[in-house]
Every structure is written in structure tokens, then in C-alpha cells.
2 protein chains.
Amino acid sequence: MSANGTQAVDRAAALIALVVQADEPISFTTLVDEAGLAKSTTSRLLAALERAHLLERDAGGAYVAGPLFALYAARHDPWREIGRLARPTLQRVADDTGETVHLAIPRGDTVVQVAQVDTRYVLGTRDWMGVEVPPHTSAQGKVLYAFDALPLPEGELDTPAERSLRTLAELERDLAKARRNGYAVTRDELEPGLSAVAAPVRGRDGNVIAALGVSGPSARIATESDQIGRLLVEQADSLSALLRRRTLKEGAA
Amino acid sequence: MSANGTQAVDRAAALIALVVQADEPISFTTLVDEAGLAKSTTSRLLAALERAHLLERDAGGAYVAGPLFALYAARHDPWREIGRLARPTLQRVADDTGETVHLAIPRGDTVVQVAQVDTRYVLGTRDWMGVEVPPHTSAQGKVLYAFDALPLPEGELDTPAERSLRTLAELERDLAKARRNGYAVTRDELEPGLSAVAAPVRGRDGNVIAALGVSGPSARIATESDQIGRLLVEQADSLSALLRRRTLKEGAA
DNA sequence: AATGCGGTTCCATATTATGGAACTCTCGGG
DNA sequence: CCCGAGAGTTCCATAATATGGAACCGCATT
């Protein structure tokens, strides 16, 4: 990173980042240590940031994100923001696999897509944002079932394709496998020729809140499902790390 | 505000505030004008803020809130944040009236309290956070009904108190009155001796998303309902203005 | 009363931010 | 194809601004 006449702003920004990323009240002294600045400098900068409503002190005098952050959060849907944060991750997966990549979240007892990056192949999946399919026919749905992010279906399962899972027992077996592998797969279970792989994304408190998935023609996906699965788990974990509160240390994007 | 060795940070913070408060992409030139800084200075500061992930440029090169804001928003419930932003408003009402003040939002077909400031009187209302009551027996519920923030109840109305409204027609008449006055009143309709007044808070898109209310003993509240109503409307409007995107000009808190 | 801890204020210093001007890029006309 | 205008970035000499060590403050603990 360059340092061209913005030392003060850079330092102030670093303080903000520490507070926001940690997402729990941080004491003055901790900030001094963590940022490696002189006490006096830190004090002045923090005072300025507080005046600007970028930071705030809680009852105990520790620093937390200020009203400007609250204002932003009050005005914006968290799910859309998760999608926004996930974009670079999706893009990385898209670049690596060349396939269409999605991020999906549970809503009620169904699954909705909140972000998508398209394939570079001509034969790709279409725009799935907002389209609803029976969760047990999609890899993302299976992930959300498997990790308790979505209540299991009751009664008869829809069977839109010949290879769709037909019974709850079959589904349960598949979910157990997903839990073992860390990722879920569907092959020709929604449409013949369409396959998908997905891995779980965990939220602040550690439980699964979303599924990161890749979908495309079985010819390309199904044969590589293991490799794609591992990639997805890795990337989903790094996204989870972003959403989890940061304990220490840094790492840019 | 004082300027003790933090000019750069103050200016940078002002730029962030402009972008976040406007809540729509702002071009470089607009920022230069609005902040009244030299082009070169603005450019340098904005570049630093972008490096720090506090701001971001959209496809058209205009500035929007950056990933740190998205991260905060992804991690926090907007309703709780609205409650946080409302705190100073509630406090002001509490100071003016001396009574217990609440902010409530619709959730499903019921009403939940998201913030509360307590009375200084001994005889006050208790902690209502999370307690559920039939909406038509609370002033806040009536406000949310009246301004289409909550679906009207069906079938029989609960009548926990002697003076509770008993029919949908009665309720409708009361709601019409609330729409005319701009605020709603309940008197002894939930518990004998308990009265309340509430006014609507509007969100970003102009429709009602919350109700700001005061409650306390009928002896104090009911006799002053008109004056309290006007105060609530005024304060609720100022809260609405905060949540609405800011078109121009400034104003501190 | 004395000591230590968390934080703020002071002040001389020189490092860092500043803004005018020059420069680059892109787009729209003529 | 060239010219000009608008948007934005880079350069650089200048001095205004941020810096950090030390002194200071207030509060708890012993």
C-alpha cells in the first residue's frame, strides 16, 4: 500500500477497520497496541472519529461502530449485503471452474439465490435469482437441509426428474453423505443433464446461513464433483471467516 | 467543532458521511462541490478511503459505501439498528414527557418492541421488550394498522379489558381517526388505568415501518393525549427524516 | 498517602497534507 | 479526424498540520 500524503487518514481508517471487524467493544489500550500508534495520536484520531459519528463509545468507554454504520445497516438488507461481500468469492470460484456460481440462503422452507456470477461457457445455467425449485433437487438445498439451516420437508417429495430422490430415507442418506464430505452434490435430479455441487457458509455464530454452489452440465460437473467440492468448501470457509468476528491479525482482500 | 490536529481525518470523515447519508452513488465532482475541498485533496482522500474499504466505486466510477459498511450490515439486524438510531429520539420524548417511551415494529401479524426508555416516575410501565399484546389494544398497534404496516385482524377481536374495542367496525372508526390526527390513542383498552399514544415512523421508501409510543397511567396520559400526540408526531417525523435518504445539506446530532 | 492504570492535553518539531497548475483520458461535436 | 470541454489524477514547493514524548489528570487499589 502506498503512503502519499494520507498517513493520518490511513491510520484512522485502520482504527475503524479494527473496531468494525472485531465487532465487539474494543478498549482504547487494545487499539493503541493493535494499531501500533502513539497513545496521543490514537487518542486524537479516535476523538475525531467519534465526533464524525464513525465510532462511538459504549457505557464502559470501549469503542464500537458508530451511528453511521447503524444508519447504513438500518437501511440495507443484511442478505443483500452478504451477497455483496460474497461477490469476490463467487468470482474466484467462477474463474477457477468456469461454471456458474451461486450463493443461496434459506427463506421460510425454501431456498433463494442472493448472488450469482455467470459462466464463461455458452452452455451454462441461466439466471436463477429468485427462481424456486424443490430444495431436495438442488445441491444448495441439500446443504441447507444437512446443516440444519432449513427444516426437512414433510410428506411426499416432488420428483421433477427421473433421478430425483423419491423418499425421505433416500434424502437422509444423501444428507449424511453431505455432512461427511462437507459438500453436497446433485446429478440430474432437477433436470436431466444438470448437475450441481454446494458447500455451507457459516455466519457469525457458527451455524450455517448460506450455501455456495456451482451448477452446470453433468458432463462437466459430475465428473469433477470431488475437486469442485473441495474448492467450494475452501472458499465457503474463507467467506465464513469474513462473517465471523475477527479475533486477531489481519488479511486484505 | 474543534480542529486540533485532525483536519485530514475530519475532511475524510465528512466525505464518508456524505456518501453514506445520501445512500446513492455520488460522483467525484459532486463530492468536491459538496465538501468544498480542492480537487486534488478530495482525490487523495477518496483514494485513501477506497484503499481502506470504507468507500467503493461503482461501475460508473461514483462512490458508494464500501465493504466495511457491507460487513457491518451483514452482521447486524436492521431492526435492532433502527432501535439504536432511535435511542436519542426516545430519550428526548422521555425527557419531555417523563413517561416510558417505546419503538415498535410489525412482525408477522403482531407487534414487537425494539427499543424502550424508562420513565422517571415510580408508577410507570414495565419492560415491554418482547411482550406480545393484541395490536388493537395498543396505540402502537393501531398506528401500524392505520398506516398499512400490519394486516388488519380477522374474526373476533380479543377483549382483555372492559373498554377494549369489540368489533372491526369500531376499530376501523378508531383507525380513521388516527389517520386524521396523525397519531393513535388507547385508553384503558389493554388494562384499566393504562393509556398510550403513538405516532408512525416512515422508512426509506416513505411507508410506515415503526411506531413511536408513550405509555403510562391514564391519569397522566389521557388528559394530555393531544399534546403528547403532537410531540410524538414531530419526533417520529424527525426520525423518519433520518432514515430517509438525505437529499442535500447537513445537520448534526 | 502512595502507586499504578487508562486516558487526555501540551508543545516544539519536522513530517505530512495542501492546493494550484500541469497533465491525462474520454467523450461529443463539427 | 481534430478540437475542446469535462472529469479526474499527478506533481511539487510550501507551510500548515499531524506527530509523539512528557507532563498531567482522575480514579481505583493497597
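In the text below, chain A, chain B and the rest are named by the order of the sequence lines, each starting its count at 1.
- When the salt bridge (Lys or Arg N to Asp or Glu O under 4.0 Å) test is applied to A:Arg11, no partner is found at least two apart in sequence or on another chain.
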Listing time: all N or O pairs from protein to nucleotides 5-12 of chain C that are below 3.5 Å?
unit_1 : atom_1 : unit_2  : atom_2 : d
C:dG7  : OP2    : A:Thr29 : N      : 3.1
C:dG7  : OP2    : A:Thr29 : OG1    : 2.7
C:dG7  : N7     : A:Lys39 : NZ     : 3.1
C:dG7  : O6     : A:Lys39 : NZ     : 3.1
C:dT8  : OP1    : A:Arg57 : NH1    : 3.0
C:dT8  : OP2    : A:Ser43 : OG     : 3.1

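- Whole-Å rounding puts the B:Glu34 CD to D:dA7 P distance at 15 Å.
- The side chain of B:Arg11 contributes an N or O atom lying less than 4.0 Å from OP1 or OP2 of C:dG19.
- For B:Phe69, the ring-ring contact (aromatic ring centres under 6.0 Å, His included) criterion is met by A:Phe69, A:Tyr72, not counting sequence neighbours.
- Sorted by first and then second residue, the pairs that involve residues 228-243 of chain A and meet side-chain hydrogen bond (donor to acceptor under 3.5 Å, both in side chains), not counting sequence neighbours, are A:Arg92-A:Gln235, A:Asp226-A:Arg230.
- Under the rule for a salt bridge (Lys or Arg N to Asp or Glu O under 4.0 Å), the partners of B:Arg204 that lie at least two apart in sequence or sit in another chain are B:Asp23.
- As rounded to whole Å, 10 Å separates atom C1' of D:dA18 from atom CD of B:Gln7.
- Protein atom CG of A:Leu45 is 16 Å distant from nucleotide atom P of D:dT17, rounded to whole Å.
- Atoms CG (A:Leu46) and P (D:dT19) sit 12 Å apart, rounded to a whole Å.
- Residues forming a salt bridge (Lys or Arg N to Asp or Glu O under 4.0 Å) with B:Arg57 (at least two apart in sequence, or on another chain): none.
- As rounded to whole Å, 13 Å separates atom P of D:dT9 from atom CG of B:Leu49.
- With a 6.0 Å radius and a threshold of 12 heavy atoms from other residues, nucleotides or ligands, B:Gln227 has its CD atom at or below the threshold.
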